[in-house]
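In what follows, every chain begins at residue 1, and chains take the letters A, B, ... in the order their sequences are listed.
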2 protein chains.
Amino acid sequence: MNIGQASSASGVSAKMIRYYESIGLISPPNRTESNYRVYGADEVHTLRFVKRARTLGFSVEETATLLGLWQDKSRASAEVKDIATAHIGALETKIAELQSMVKTLKHLAHCCSGDDRPNCPILDDLAGMPAKKGH
Amino acid sequence: MNIGQASSASGVSAKMIRYYESIGLISPPNRTESNYRVYGADEVHTLRFVKRARTLGFSVEETATLLGLWQDKSRASAEVKDIATAHIGALETKIAELQSMVKTLKHLAHCCSGDDRPNCPILDDLAGMPAKKGH
DNA sequence: ATAAGGCTTCCCATCATGGGAAGGTCAAGG
DNA sequence: CCTTGACCTTCCCATGATGGGAAGCCTTAT
């Protein structure tokens, strides 16, 4: 299997497969005589693992750790769970930040007439003007 | 006021002030004879505006547009509201993505005993193994 | 034999930010 | 007056994960 086929089979772009190899996330595959990378079912399985981890928001570094644990048949599941739990915490922190932005923006947008007139509470807020209460 | 003081007064790092100037987000300030940037209250006000917009998650490009509208005394507030509304939408999309990740991860973590044993539903999921129902 | 399409490596761009080096400037104190 | 330390200047590099694209080689089908 060439890199293009491994890409289709795993959902990881050829570009990223080479990148993951270059940073040591995955091992260099065998090559044909003409220097083409050759992948087998195992490599594709690994790529799918990586893809899934990335889809769940794990960084490449966390993914590397998870890959190592996956391949270590004697790992303690607690190690994996710790990584996942920390990641959940990070995601929730991020979500809270974004929600806080949304909350503020929704309030401002609600206060903005959104018509032809120039008066705009959104700009007023950005400019540091004290918001008018109620309406 | 030197850049360091403008930085403290606005909450924007000196590094970023120079960067914003280099990309044209803010205008180049006057310089002293010895080439030091000199800022006044207006510039600091603009920097605070930028800081606030960035804090609310607007990209630098969106911030540039908002700055332009702020300075255009005859803008229509609808233009501002449109940008804010689009941004709220983008944030909500992002939030939904993150929440989806959290939901999956919480389920997996819940299914993982997190002890010394190697058996781990989290890794099984990443490896593409069909999840066992119930628990 | 030729054309199309896939592969290789290498460089560059993104987005917003920080780090740090090398060198100029300013203010305070000995 | 001179030193010291804190500031300023520009310039280059790094981050994280990804894509774009060029130049050149290989393979496959016509």
Side-chain angles (χ1 to χ4, degrees), chain A residues 1-26 28-40 43-44 47-67 87 90-91 94 97-98 101, chain B residues 1-26 28-40 43-44 46-67 87 90-91 93-94 97-98 101:
Chain A
M1 206 181 339
N2 285 338
I3 198 169
Q5 294 161 308
S7 170
S8 311
S10 65
V12 180
S13 72
K15 211 86 181 179
M16 289 312 297
I17 295 176
R18 294 194 197 95
Y19 172 69
Y20 289 152
E21 182 189 330
S22 81
I23 61 172
L25 178 63
I26 59 179
N30 293 325
R31 302 274 188 142
T32 65
E33 285 182 8
S34 56
N35 207 31
Y36 281 24
R37 289 172 179 81
V38 179
Y39 298 91
E43 280 95 344
V44 169
L47 286 171
R48 287 232 205 89
F49 183 103
V50 170
K51 176 72 178 176
R52 176 82 176 132
R54 298 286 303 117
T55 298
L56 288 175
F58 288 103
S59 69
V60 168
E61 198 175 352
E62 288 166 332
T63 302
T65 305
L66 291 169
L67 257 185
H87 182 45
L91 289 172
K94 189 71 186 169
E97 287 172 11
L98 298 181
M101 294 176 190
Chain B
M1 205 178 347
N2 286 337
I3 199 171
Q5 294 162 307
S7 170
S8 310
S10 65
V12 180
S13 73
K15 210 89 181 178
M16 289 313 296
I17 295 177
R18 295 195 195 96
Y19 172 69
Y20 290 152
E21 180 190 332
S22 81
I23 62 172
L25 178 63
I26 58 179
N30 292 325
R31 302 274 188 141
T32 65
E33 285 182 8
S34 54
N35 207 30
Y36 281 23
R37 289 171 178 82
V38 179
Y39 298 91
E43 280 95 342
V44 169
T46 300
L47 285 170
R48 287 233 204 87
F49 182 104
V50 170
K51 175 73 178 177
R52 176 83 176 132
R54 299 283 303 117
T55 298
L56 288 175
F58 289 104
S59 70
V60 168
E61 198 175 352
E62 287 166 332
T63 301
T65 305
L66 291 169
L67 257 185
H87 182 45
L91 288 172
T93 298
K94 188 71 187 171
E97 287 172 12
L98 298 181
M101 292 177 190

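- Distances from the side chain of Lys15(A) to the nucleotides dT18(D), dC10(C), dA16(C) place dC10(C) closest.
- Ionic pairing of Glu21(A) and Arg18(A) is not present here: no N-O contact between side-chain nitrogen and carboxylate oxygen is shorter than 4.0 angstrom.
- Taking the side chain as every heavy atom from C-beta outward, Arg54(B) and Val60(B) approach each other to under 4.5 Å.
- At least one donor-acceptor pair closer than 3.5 Å links the side chain of Lys51(B) to the backbone N or O of Gly11(B).
- For Glu61(A), the CD atom is loosely surrounded, since the number of other residues' heavy atoms within 6.0 Å does not exceed 12.
- Distances shorter than 4.0 Å separate some side-chain N or O of Arg37(A) from OP1 or OP2 on dT8(C).
- The distance between atom CD of Glu61(B) and atom C1' of dA16(C), rounded to the nearest whole Å, is 13 Å.
- As rounded to whole Å, 14 Å separates atom P of dC15(C) from atom OH of Tyr20(B).
- Using a 4.0 Å cut-off, some side-chain N or O of Ser34(B) falls inside it from OP1 or OP2 of dC26(C).
- One atom, CG of Asn35(A), and another, C1' of dT27(D), lie 14 Å apart when rounded to the nearest Å.
- The backbone N or O of Ala53(A) sits nowhere less than 3.5 Å from a side-chain atom of Thr63(A) that would complete a donor-acceptor pair.
- Using a 4.0 Å heavy-atom distance criterion, Arg18(B) is classed as a base contact.
- Dashed line: the shortest gap from a side-chain N or O of Ser13(A) to OP1 or OP2 of dG19(D) is under 4.0 Å.
- No engagement by Thr32(B) is indicated, since no non-hydrogen atom pair under 4.0 Å with the nucleic acid exists.
- Across the protein-nucleic acid pair, Glu21(A) atom CD and dA17(D) atom P stand 18 Å apart, rounded to whole Å.
- Two residues, Arg31(A) and Val60(B), neighbour DNA chain C, and the one matched to the more 5' nucleotide by heavy-atom proximity is Arg31(A).
- Neither OP1 nor OP2 of dG19(D) sits under 4.0 Å from any side-chain N or O of Tyr19(A).
- Rounded to whole Å, the distance from NZ on Lys94(B) to P on dC15(C) is 15 Å.
- Ile3(A) places its CD1 atom 17 Å from the P atom of dC26(D), with the value rounded to the nearest Å.
- Listed nucleotides: dC7(D), dT18(D), dT17(C). Nearest to the side chain of Tyr36(B): dC7(D).
- dT10(D) atom C1' lies 16 Å from atom CD1 of Ile17(B), rounded to whole Å.
- Both Asn2(B) and Ser59(A) lie near DNA chain D, and the one whose nearest nucleotide falls closer to the 5' end is Asn2(B).
- Atom CZ of Phe58(B) is separated from atom P of dC15(C) by 17 Å (rounded to the nearest Å).
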